[in-house]
Amino acid sequence: MSSKADPVTPAPKPGAWAPFSHSAFAVLWGATVISNVGTWMHEVGAAWLMTTLSPSPLMVALVQAATTLPVFLFALIAGALADLVDRRKILLLVNMLMGGTAALFAVLVALGAMTTSLLLIFTFLFGTGAAFMAPAWQAIVPQLIPKEQLSSAVALNSMGINISRAIGPALAGLLISLVGLAAPFALNALSFIAIIGALLYWRPENKAEKTRVIKEPFIPAILTGLRYAFNSVALTSTLVRAVAFFLFASAYWAMLPLIAKDVLQGGPDLYGVLMGLVGAGAVMGALLLPSIRARLDADQTVMAGSLGTAAVLIAFAFIPSVWAAYAGALLGGLFWISVLSSLNVSAQSSLPEWVRARGLSVFLTVFFGSMALGSVVWGQVASSFSIPAALAVAALGLASCVFLTRKWHLTAAGDLNLAPSLHWPAPVVESDVEHDRRPVMVTLEYTVAEGDQPAFLDAIQQLAKVRRRDGAVDWNILQDAEDTQTWVEYFIVPSWRAHLLQHDRVTHDDRAIQDAVNALNRGRSGPKVRHLLAADL
C-alpha cells in the first residue's frame, strides 16, 4: 500500500453543451432563438425603413438609440421588480404586451401609415419591453443550470442570440426585397408565440436560500441595488470595462445600414447579409470560446476582442469593398461575442442571488446607455463630417481605452463564494423592534495593539465596502483619544429591517474579510457589538 495519499483528480470542466441536458434551459433557449429571429428581422426592417423615410445619418442612428435608451432609463426599475416579484410572471406579461405591439406595428407598415416619428416611438416601446425583460431573463439563468455550468450557459445564450442574428437579418433583407417592408414585422409578431409557450411550459423550482422572510420596499430595493453595484469591487470593474468597450463599439452597429447603403451602394439584401455575417461570426466565436478561455483569462479576452473590434472599424472606414465588409462583419461578430460573453460572466459571477437582477440591471443600464450615447455621438459625427471619420475616431477611442482600463480586472465564474454564510448571530434585543424603526447605528469596539494598527486599518477598509454594499448609508472608524488601542467602528442603516437584511446578505467571502479584521483584535474572539436605535420622539 502506498504511504502517500492518492492525488485528488480535479473534476472535469463542464462541456460547452452541458446546459442542454437540462430540459428547462433547452426549451427556453430554443424559444428564445425563435423569438430573437423575429426581433432581428424587426431591427433590420426598422433601420432600413428609416433610410427610406429619411436619408439623414443622425435619424438612422436614432433608431439604434431609441432601441437602447429605454434599457438605460428603465433597467433599474425592472431589476428591482425581478428581485421582488415572480420573474416568470414578469416575462409572460411583457412578452404578451410586446407581441400585441408588434402586430399593430406590422399593420401600420402594411397600410403605409408609418412615419419617422411613429417609427421612433414604436422602437422606443420595443426597447422598453426589452428593458423590463432583460434583468429577469439574465437572473433566471442560474435557476436553470448548476453553478459550474454558468459560463457555458452564458456562452450558449449569447450563441443563441447570434444564431438568430445570423438568420433574422438575412431573412429580413430577403423578405423586404421579395414581399415588402411589412413582412418581417408580421413574422416578428408571430415569433412571440414561441417564447410565451416556453414560459408556460417552465415551472421553476424554488432554490432560494433559507433566510428570514423580510420584504424590502420597492424604492429602497432600487437604492440597495445601486449601493451594492457601486460598492462591489468586482462589479464596478466590470462596469468600467463595459463602458470602455460599448461606447465605441456602438459605432459599427449604428453605421452599418449607412455603410451598406451609402458607402457600398447596396440595398436591404446587402445590409441583411452584413448583419447575418455579424451573427455568424458571433456563433463561431461562441463555439471557439471554450478553447479561447483555456488560453486567455477574461481580461486578456476582452483586450484582444476590443483591439480586434478597433481593427474592424478601421477596415469599414478605409476599405470600401463589399468583400472587405463581409470579412469585417464576420470578424466583428466574433470579437463582439468574446467581449460581451466575458463581461456578462463577470457581472453574473459578481452578484449573489438576492441582488442578482438589480445588479444585472445596473450592468444592462451601463451597456445600453453606452450603446445609446455612442449611437447618437457617432451619428452626429457622421452627419457633420463623414461615415469613415466617425468609424476612425471610434476605433482610436476604443484602442486607447483598452490600455486605460487595464487595472480594472474581471471576475470569472467560481472566483467568489457569494452564498450566504449566515454566521452573524441574531441581534440581542429586550423586546421586538418594529421593522420600520429608523435609523439604526451599529457599533463594534476593537482593541488593537500599536504594531497591528496599520494592518487593521487596511483590513477594515475592505470591510467598509461590505457594510456599504449590503445596506449601510454611513460608515467610519474612530480611535479613542484616551486609549489609543481602542477603536470603534460604526455604520448606520436606514431601518431595523435593513439591518436584519444585512444579517442575511453577508457571504462566505465577507466572512473571510471579517476574520482578517477580528484576528487583529486583542483579548476576545470578536468585537463588542451594540445596536443603537433612534429615539421615538
Side-chain angles (χ1 to χ4, degrees), residues 214 216 220 223-237 352 354-355 416 418 420-431 433-537:
I214 300 176
E216 192 171 14
L223 297 177
T224 297
L226 286 170
R227 188 183 301 117
Y228 187 97
F230 294 111
N231 285 284
S232 166
V233 174
L235 186 55
T236 301
S237 297
W354 67 268
V355 76
L416 303 176
L418 300 180
S421 62
L422 301 178
H423 73 279
W424 283 13
V428 178
V429 294
E430 286 191 0
S431 59
V433 180
E434 294 292 330
H435 283 180
D436 290 333
R437 184 78 175 268
R438 64 185 64 203
V440 176
M441 174 184 282
V442 181
T443 66
L444 299 94
E445 183 178 315
Y446 305 88
T447 302
V448 185
E450 297 286 345
D452 291 335
Q453 289 180 9
F456 171 78
L457 292 175
D458 286 343
I460 208 161
Q461 287 294 328
Q462 298 301 313
L463 189 57
K465 290 183 178 294
V466 174
R467 309 291 197 205
R468 293 192 178 101
R469 190 198 66 197
D470 287 352
V473 295
D474 190 18
W475 178 94
N476 217 322
I477 182 75
L478 308 173
Q479 186 178 29
D480 191 320
E482 295 182 13
D483 180 2
T484 57
Q485 292 192 3
T486 298
W487 293 82
V488 177
E489 176 197 9
Y490 79 84
F491 59 90
I492 297 174
V493 289
S495 66
W496 187 246
R497 175 193 287 109
H499 180 57
L500 293 179
L501 286 168
Q502 281 186 305
H503 279 251
D504 291 342
R505 292 167 178 170
V506 64
T507 70
H508 289 281
D509 277 6
D510 300 337
R511 184 172 189 170
I513 296 172
Q514 291 174 359
D515 288 346
V517 172
N518 292 338
L520 300 169
N521 183 44
R522 294 173 55 194
R524 57 174 67 90
S525 59
K528 182 178 181 180
V529 182
R530 291 187 179 91
H531 298 85
L532 307 176
L533 307 174
D536 188 8
L537 301 177

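All values derive from a computational prediction rather than experimental measurement.
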Test item: [X] and [Y] side chains (from C-beta on) under 4.5 Å apart, heavy atoms:
| X | Y | result |
| --- | --- | --- |
| Glu450 | Thr484 | yes |
| Val466 | Ile513 | yes |
| Val442 | Val529 | yes |
| Val493 | Phe491 | yes |
| Pro427 | Val433 | no |
| Val473 | Arg227 | yes |
| Val517 | Tyr446 | yes |
| Val506 | His423 | yes |

Chi angles and distances behind the side-chain contact (heavy atoms from CB on, under 4.5 Å) call for Glu489, Thr443: CA-CA 6 Å; Glu489 176 197 9; Thr443 66; over 6 Å; no
Could you pull out the closest heavy-atom pair between Pro494 and Gly471, with the gap in Å? CD-O, 3.5 Å
How close do Pro527 and Asn518 get, heavy atom to heavy atom, and via which atoms? CD-OD1, 3.3 Å
Could you walk me through whether Asn476 and Tyr490 pass the side-chain contact (heavy atoms from CB on, under 4.5 Å) check? CA-CA 6 Å; Asn476 217 322; Tyr490 79 84; 3.3 Å; yes
Thinking salt bridges, do Glu434 and Arg497 make one under a 4.0 Å N-O criterion? no
Is a salt bridge present between Asp510 and Arg469, judged by a nitrogen-to-oxygen distance below 4.0 Å? yes
Between His435 and Trp496, does the ring centroid distance fall short of 6.0 Å? no
Please walk me through it: do His499 and His531 pass side-chain contact (heavy atoms from CB on, under 4.5 Å)? CA-CA 10 Å; His499 180 57; His531 298 85; 3.1 Å; yes
Side chains of Gln461 and Trp475 only: does a donor on one sit below 3.5 Å from an acceptor on the other? no
Around atom CZ of Arg530, are there more than 12 heavy atoms of other residues, nucleotides or ligands at under 6.0 Å? no
State the [atom1]-[atom2] distance between [X] and [Y], to the nearest 0.5 angstrom.
| X | Y | atom1 | atom2 | result |
| --- | --- | --- | --- | --- |
| Ser495 | Ile492 | OG | CD1 | 13.0 Å |
| Ser421 | Asp504 | OG | CG | 10.0 Å |
| Asn231 | Thr236 | CG | OG1 | 7.0 Å |
| Thr507 | Leu418 | OG1 | CG | 5.5 Å |
| His503 | Asp470 | NE2 | CG | 11.0 Å |
| Asp515 | Leu520 | CG | CG | 11.0 Å |

Quick one: does any side-chain atom of Gln479 pair with a main-chain N or O of Trp487 as donor and acceptor, under 3.5 Å? no
Under 3.5 Å: donor-acceptor pair, side chain of Arg437, backbone of Leu533: no
Classify the angle between the aromatic ring planes of Tyr228 and Trp354 as parallel (below 30°), tilted (30 to 60°) or perpendicular (above 60°). perpendicular
Evaluate Arg505 against Thr224 for side-chain contact (heavy atoms from CB on, under 4.5 Å), listing each step before the verdict. CA-CA 12 Å; Arg505 292 167 178 170; Thr224 297; 3.6 Å; yes
With side-chain hydrogen bond (donor to acceptor under 3.5 Å, both in side chains) as the test, would you mind laying out the steps for Gln502 and Arg467 before giving the verdict? CA-CA 8 Å; Gln502 281 186 305; Arg467 309 291 197 205; over 6 Å; no
